[in-house]
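Written below as structure tokens is the structure these notes are about.
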Amino acid sequence: MNKIKTDFLVVGSGFYGSVIAERIASILKKKVLILEKRNHIGGNCYSEYDKSTNIEYHKYGSHIFHTSNKKVWDYINSFTKFNSYKHQVLTNFKNKIYQMPINLETINSFFNKNLSPHEAEKYINKISKKYYKNKYDNFEEKALSQIGLELYSAFIKNYTEKQWNTNPKNLPASIFNRLPLRFNYNEDYFKNCIWQGIPKDGYTKIFKGLIDNKNIRLEKETYNLNKDYKVKYMTIYTGPLDRLFNYKLGKLKWRSLLFKKKIVNVNDYQGTSVINFPEKKFRFTRIHEPKHLHPERKFKNDKTLIIYEYPKTSDDEPYYPVNDEKNRLRHRQYKKMAYKIPKFEIGGRLADYAYYDMDMTISAALQKFESIKKNI
Ligand code: UDP
């Protein structure tokens, strides 16, 4: 890339970078240069079409947009419409399908009972009571105290060990809080959110809309801290901080994923968009069937696309931070280094080393924009 003068430099075109770029370009009318090292925009939210089936799929795993944040919902709805998809997850244990998160159907089916909501709650409290503590220091302690040993062993322990490649005792209790426990038959995974759905025309279309602005320019380039990019106001960096500083303080650990696509010659392979596989005998953790994410679309009936999700430890494609003590400390030290760089801001899931959902990322970007606007 030739040296180009720009008002703002944004590194990374995921939600954080693209939303900030859009706001700066549309509201402040300043020039933004986005650097993206991948050969596509949108970060891990990128979606594309499988050529042989014409089914759109999320390249980095099924992304279901869900939020209760009105600001975020209004903002994103000016770039896309959403379909009426409601997320449901099933889990396959010993060749039987159960509902996930664990709800009344899961409990009754697993224990072969017919409990009412009140009875189920009493029963689960009874079997998990012996694991109660004042403070839960890790994922396993928290999970056992909520659901007891049997459900934990069947649906959680091995799945978590496969997914994170570590004993659940080494993971923070907060990860278990992502999984609700229900004593009713509600199977809507995101029932606590006011809005959810899949962008009608896919995620990539949103990113195209966000950066389609005469003030925004996109370049395929890996950012280099030592290069002089001629930035007037500020650089906003959204990539991992260890990479930014050339791993000076060591690597940050990430959990990564690998996806293997397969075309199957049936109309419907598994009847739903995601099935989890908690057992160790399967190396994959999930099977995605993306056509189910778009019930409003018409598909050819003779084929479907399925995608196996395998956990991967290598961090060349970072997905989830392994947020243990050691890595958190290392990230804090990197952050201090980043704060020392003049006219330099960081944000987003990778730079913050945080387990953000899409709406949290958009919300953080909108807030950051407000502070940029004030200070410019
Ligand atoms: N989890 C599990 N069994 C399941 C689903 C989830 O043990 O069937 C655990 C697992 O440790 C996972 C965490 O719950 O990392 C959070 O699940 P979530 O579905 O939010 O994970 P994500 O979709 O972000 O990978």
Side-chain angles (χ1 to χ4, degrees), residues 43-45 58-67 87-94 96-103 105-107 109-110 136 138-182 187-193 196 198 253-259 270 272-280 282 284-288 290 293 307-313 317-324 349-350 353-361:
N44 282 7
C45 300
H58 306 157
K59 189 168 180 196
Y60 304 93
S62 304
H63 280 64
I64 290 82
F65 197 89
H66 56 101
T67 191
H87 197 40
Q88 177 197 17
V89 176
L90 298 164
T91 183
N92 183 322
F93 179 67
K94 292 195 174 163
K96 198 173 157 182
I97 293 289
Y98 297 89
Q99 294 193 354
M100 180 60 60
I102 293 166
N103 68 8
E105 159 76 24
T106 322
I107 296 167
S109 181
F110 184 75
Y136 300 102
N138 62 59
F139 183 99
E140 180 161 297
E141 286 183 6
K142 177 81 193 190
L144 286 171
S145 76
Q146 300 292 295
I147 57 176
L149 185 64
E150 292 93 334
L151 289 167
Y152 175 68
S153 306
F155 299 118
I156 309 294
K157 185 175 191 294
N158 292 333
Y159 184 94
T160 301
E161 224 162 84
K162 282 201 297 187
Q163 205 173 19
W164 293 88
N165 193 34
T166 185
N167 189 308
K169 286 186 183 126
N170 301 325
L171 293 169
S174 60
I175 296 181
F176 188 74
N177 297 338
R178 289 179 63 90
L179 273 181
L181 167 66
R182 295 185 190 141
E187 59 202 76
D188 177 355
Y189 203 82
F190 298 118
K191 96 171 172 48
N192 292 339
C193 283
Q196 66 172 301
I198 307 292
K253 203 168 164 196
W254 299 88
R255 174 164 77 81
S256 193
L257 300 174
L258 178 78
F259 294 95
Q270 61 179 17
T272 191
S273 56
V274 183
I275 296 189
N276 292 356
F277 288 81
E279 290 171 277
K280 280 262 172 84
F282 302 107
F284 52 88
T285 46
R286 294 176 195 170
I287 299 180
H288 303 257
L293 296 172
I307 308 172
Y308 292 87
E309 177 177 323
Y310 291 87
K312 203 171 80 165
T313 39
E317 294 269 27
Y319 282 71
Y320 305 92
V322 175
N323 226 330
D324 57 14
R349 188 187 251 235
L350 298 183
Y353 197 61
Y355 201 160
Y356 294 153
D357 289 325
M358 290 179 280
D359 65 330
M360 293 157 89
T361 306

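Each ligand, and each atom within it, is numbered from 1 in the order the structure gives.
Considering both main-chain and side-chain atoms, Phe155 comes within under 3.5 Å of ligand 1 through a nitrogen or oxygen pair. Ligand 1 has no N or O atom lying under 3.5 Å from any N or O atom of Thr91, backbone or side chain. Taking only nitrogen or oxygen atoms, main chain and side chain alike, Leu179 does not reach within less than 3.5 Å of ligand 1. Taking distance alone, with nitrogen or oxygen atoms compared against 3.5 Å, Asn276 approaches ligand 1 more closely than that limit.
For the pair Arg286 and ligand 1, a heavy-atom separation below 4.0 Å is found.
Proximity of Gln163 to ligand 1, defined as any heavy-atom pair under 4.0 Å, is confined to the side chain (atoms from C-beta onward). Residue contacts with ligand 1 for Arg255 involve side-chain atoms from C-beta outward but no N, CA, C or O (heavy atoms, distance under 4.0 Å).
Residues Glu187 and Glu105 fail the side-chain proximity criterion, which asks for heavy atoms closer than 4.5 Å.
Taking the six-membered ring for Trp and the full ring otherwise, Tyr136 and Phe176 have centroids separated by 6.0 Å or more.
Remark: among candidates Thr160, Leu90, Thr285, the nearest residue to atom 7 (O) of ligand 1 is Thr160, based on non-hydrogen atoms.
Looking only at heavy atoms of the protein, atom 24 (O) of ligand 1 is closest to Tyr355 OH, 2.4 Å. In terms of protein heavy atoms, atom 19 (O) of ligand 1 is closest to Tyr189 OH, 2.9 Å. In this structure, atom 20 (O) of ligand 1 lies nearest to the protein heavy atom Arg178 NE, 2.9 Å.
Rounding to the nearest 0.5 angstrom, the gap separating the NE2 atom in His58 from the CG atom in Asn44 is 12.5 Å.
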